[in-house]
Asks: 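Dumping the structure here so I can ask a few things about it.
No experiment lies behind these values; they were computed from the predicted model shown.
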Amino acid sequence: CARSDGAPMMRRRNVFARVDQVDQSHWCSQLRPISSKNLRSAMPPNADTSILRNRISAKINAGDIVDNDGATQSSLRSLKGLKGNEVAIDGVIYDIADFVHPGGEVVKFFGGNDVTVQYKMIHPYHTRKHLEKMKMVGKVVDYVPEYKFDTPFEREIKSEVFKIVRRGREFGTPGYLFRAFLYIAFFFFMQYTFATSTTFFNHNNWYESGVAVAITFGVAQAFIGLNVQHDGNHGAVSKRPWVNDLFGFGTDLIGSCKWNWMAQHWTHHAYTNHSEKDPDSFSSEPMFAFNDYPIGHPKRKWYHKFQGGYFLFMLGLYWLSTVLNPQVVDLRQRGAQYVGIQMENDFIVKRRKYAVSLRVMYMFLNLVCPVVNNGFSLATFGIIMLMGISESLTLSVLFSLSHNFVHSDRDPMASFKKTGEPICWFKSQVETSSTYGGAISGYLTGGLNFQVEHHLFPRMSSAWYPYIAPKVREVCAKHGVKYAYYPWILQNLASTFVYMHKAGTGANWELKPLSGRA
């Protein structure tokens, strides 16, 4: 249909005007579709039809959208009104029920939520064309962006890194896969040994003792957590979704849960060190606090002033709290749920029985079997706990270094709270993370020593981080972005102890007499 002044109107392929909203004298008496060909013929030769299409469609009432499948009313809703088969990106609601995602069904994991940040951090090559593949069904009325993307810093760091790691090559390298299979073989050997050993207390060789087996098996599990499941659950092992899922189930082999881990970890990546939205930042509370709360804050406890001396011991209990965590039953990861992530979609509900089955299997192999083979006693229980502590410290100490160190940005949203202006997501990822060591450390930790690079490119295989790190530092220096690097892990660990002590005592908030500074 064309107006009497010749101006065309279009919504995607076909647009129908509502004659009850305007004076009918301005419109054709008979409504008919306008083709793209007719539209272009009525336009100047240099006109951009896609821009005009966007302008015109923006003027159409949201309740009058007609898609290719027929009349489908869009709606204006709040974020809490999202259905389990819907996601919101940049304030637009998409129905993903029938969407065939190239990366697999994991896209449905966060159904019912705003996934703007998660989507953009996992899709570094994002363009509008990607979103056009999904069915738009409405808009969110209460969407307030805290982060901004496509900043000069983001554009340059992507441009430089993608010169090193070409598109389509960011997945696991042959070297990574070789190391991963070594760690997997080591794990299964130690799993068999731990579950079948009858020599915890009666042994001929020291390496057959319960202490040696427990410590070694704990480290073997940690290697799976660091080098196998982590890349898998980030979709970084392979282009093939089933390969990533297979590696990702390594989480369940070491006493955790793939889906609960993803709920917390992906949320952590999206909102690193965000005191209200990063589950990792308050997951240890009230026992000890990673967040540096102001003096007098209700979450600050009197015993936190001693946390620099005991937080390492508490991290040793990580395995026990994970294995006995009842959240595996309903797959509602409490940290992610606390910050507003909805976890009641069909994708999650259907996987509860698998999560429970895998946990039962783990407990049978690592709690029941050792008792059956070596007797029910405090000594046997001690061996089991030693295994858990070995795994816990190997994993959690390395994780705690990543974002808790002197001069880490513990309040990346400070400027947003003051001005309401979104902050650069890429810049915040750099200034809330640290990197230590080099390639050898990366081979042992699954590249998690390159925490800055990992947070900038979370879907890139850890094998590539040693190669892109120098360029990342160079671009950060050019843009005045603070990059924390420690040549040795012990330096990073020392910085973490100092930070934990100051965060616990409130030293960073105390007045400094005669300094003129607070």
Side-chain angles (χ1 to χ4, degrees), residues 62 65 67 69 72-123 126 128 130-147 232-235 241-242 244-245 248-249 251-252 257-271 274 277-279 327-356 358 458-459:
I65 295 177
D67 61 22
D69 299 323
T72 302
Q73 276 201 340
S74 69
S75 59
L76 300 177
R77 280 179 275 155
S78 67
L79 287 172
K80 291 184 178 180
L82 294 176
K83 301 176 183 177
N85 62 329
E86 298 173 341
V87 295
I89 301 175
D90 284 328
V92 178
I93 304 173
Y94 298 93
D95 186 334
I96 58 173
D98 301 318
F99 176 55
V100 180
H101 184 237
E105 287 192 324
V106 67
V107 67
K108 299 178 181 179
F109 180 78
F110 282 102
N113 295 280
D114 173 72
V115 295
T116 302
V117 181
Q118 290 91 332
Y119 167 77
K120 292 182 178 180
M121 76 179 188
I122 292 295
H123 299 85
H126 155 75
R128 285 187 174 273
H130 291 87
L131 296 179
E132 290 176 358
K133 298 177 182 178
M134 296 187 291
K135 181 180 179 181
M136 188 185 79
V137 295
K139 294 186 177 180
V140 175
V141 296
D142 55 349
Y143 170 65
V144 179
E146 295 180 304
Y147 297 97
N233 285 323
H234 272 285
W242 69 268
N244 292 317
D245 281 340
F249 277 113
T251 318
D252 297 84
C257 171
K258 170 184 171 67
W259 296 291
N260 278 341
W261 186 92
M262 288 180 64
Q264 175 167 336
H265 194 70
W266 280 39
T267 306
H268 154 70
H269 264 270
Y271 304 102
H274 191 306
K277 292 186 177 181
D278 180 1
Q327 295 172 22
V328 71
V329 176
D330 60 11
L331 294 186
R332 295 178 184 170
Q333 208 286 325
R334 299 303 185 267
Q337 191 176 43
Y338 177 80
V339 303
I341 301 297
Q342 303 299 317
M343 310 193 71
E344 276 296 320
N345 59 64
D346 290 341
F347 179 90
I348 291 177
V349 171
K350 290 178 180 178
R351 280 152 180 78
R352 288 172 178 168
K353 57 181 178 290
Y354 303 116
V356 172
L358 289 168
R459 206 188 170 194

Asks: Which value, rounded to the nearest 0.5 Å, describes the distance between Y271 atom OH and K277 atom NZ?
Replies: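 Spacing of OH (Y271) from NZ (K277) equals 4.5 Å.
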
Asks: How close do Q264 and P279 get, counting heavy atoms only, and between which atoms?
Replies: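 Closest approach of Q264 to P279: CG-CB, 3.7 Å.
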
Asks: Check side-chain hydrogen bond (donor to acceptor under 3.5 Å, both in side chains) between E344 and all other residues, then give those that pass, not counting sequence neighbours.
Replies: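 So E344 forms a side-chain hydrogen bond (donor to acceptor under 3.5 Å, both in side chains) with R332, R352.
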
Asks: Would you check if F99 and K135 make a side-chain contact, meaning some heavy-atom pair closer than 4.5 Å?
Replies: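 F99 vs K135: side chains apart.
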
Asks: Using modelled atom types and a 3.5 Å cut-off, is there a donor and acceptor pairing between side-chain atoms of Q337 and backbone atoms of M343?
Replies: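 Judged by distance alone, no pair lies under 3.5 Å.
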
Asks: With respect to T267, which candidate in D278, V117, I341 satisfies the side chain to side chain contact (heavy atoms under 4.5 Å, CB included) definition?
Replies: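 Result for side chain to side chain contact (heavy atoms under 4.5 Å, CB included) with T267: I341.
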
Asks: Could you list the residues that satisfy ring pair (Phe, Tyr, Trp, His ring centres under 6.0 Å) with F249, not counting sequence neighbours?
Replies: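 In terms of ring pair (Phe, Tyr, Trp, His ring centres under 6.0 Å), with neighbours along the sequence ignored, F249 is linked to W259.
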
Asks: Roughly how far apart are M262 CE and Q333 CD, rounded to 0.5 Å?
Replies: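 Nearest 0.5 Å value for the CE-CD distance: 12.5 Å.
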
Asks: Quick one: are F109 and V115 in side-chain contact, heavy atoms under 4.5 Å?
Replies: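 Result no, sub-4.5 Å side-chain heavy-atom pair not found.
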
Asks: What's the shortest heavy-atom distance between K258 and N233, and which atoms?
Replies: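 Smallest heavy-atom distance, with atoms named: NZ-OD1, 2.7 Å.
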
Asks: Tell me, please, which residues at least two apart from D114 pass side-chain hydrogen bond (donor to acceptor under 3.5 Å, both in side chains).
Replies: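 D114 satisfies side-chain hydrogen bond (donor to acceptor under 3.5 Å, both in side chains) with T116 once adjacent residues are dropped.
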
Asks: Would you name the heavy atoms of R459 and G235 that are closest together and state the gap between them?
Replies: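 Shortest heavy-atom separation between R459 and G235 comes out as NE-O, 3.1 Å.
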
Asks: Can you give each donor-acceptor pair under 3.5 Å made by side-chain atoms of residues 82-93, sequence neighbours left out, with the distance rounded to 0.1 Å?
Replies:
| residue | atom | partner | partner atom | Å |
| --- | --- | --- | --- | --- |
| N85 | ND2 | D95 | OD1 | 3.3 |
| E86 | OE1 | R77 | NH1 | 2.7 |
| E86 | OE1 | R77 | NH2 | 3.3 |
| E86 | OE1 | K83 | N | 3.0 |
| E86 | OE2 | R77 | NH2 | 3.1 |
| D90 | OD1 | K120 | NZ | 3.1 |
| D90 | OD2 | K120 | NZ | 3.0 |

Asks: Please check if atom NZ in K80 has more than 12 non-hydrogen atoms from other residues, nucleotides or ligands closer than 6.0 Å.
Replies: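 Atom NZ in K80 is not crowded, with 12 or fewer foreign heavy atoms closer than 6.0 Å.
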
Asks: Can you name the side-chain contact (heavy atoms from CB on, under 4.5 Å) partners of V144, sequence neighbours left out?
Replies: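 Counting only residues at least two positions away or on another chain, V144 forms a side-chain contact (heavy atoms from CB on, under 4.5 Å) with F416.
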
Asks: In terms of ring plane angle, is the pair H269 and H265 parallel, tilted or perpendicular, where the classes change at 30° and 60°?
Replies: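 Answer is perpendicular, since the angle exceeds 60°.
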
Asks: Quick one: are Y147 and H274 in side-chain contact, heavy atoms under 4.5 Å?
Replies: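 Result yes, sub-4.5 Å side-chain heavy-atom pair found.
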
Asks: Answer yes when E105 and R351 have at least one side-chain N-carboxylate O distance shorter than 4.0 Å, and no when they do not.
Replies: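 Salt bridge between E105 and R351, a charged N being under 4.0 Å from a carboxylate O: yes.
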
Asks: The criterion is ring pair (Phe, Tyr, Trp, His ring centres under 6.0 Å); which residues satisfy it with Y143, sequence neighbours excluded?
Replies: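 Ring pair (Phe, Tyr, Trp, His ring centres under 6.0 Å) list for Y143, sorted by chain: empty.
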
Asks: I need the minimum non-hydrogen distance between A355 and L331, along with the two atoms involved.
Replies: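 In terms of heavy atoms, the two residues are closest at CB-CD2, 3.7 Å.
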
Asks: Identify the heavy atoms of G112 and Q342 that sit nearest to each other, and give their distance.
Replies: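 Result for this residue pair: O-CG, 3.6 Å.
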
Asks: Would V140 and S78 count as a side chain to side chain contact (heavy atoms under 4.5 Å, CB included) if you check the C-alpha gap in whole Å, the side-chain angles of each, and the deciding distance to 0.1 Å?
Replies: CA-CA 5 Å; V140 175; S78 67; 5.8 Å; no

Asks: Between N345 (side chain) and G111 (backbone), is there a donor-acceptor pair under 3.5 Å?
Replies: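 Yes: the side chain of N345 pairs with the backbone of G111.
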
Asks: Could you pull out the closest heavy-atom pair between G340 and N113, with the gap in Å?
Replies: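 Minimum heavy-atom contact is O-OD1, 3.7 Å.
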
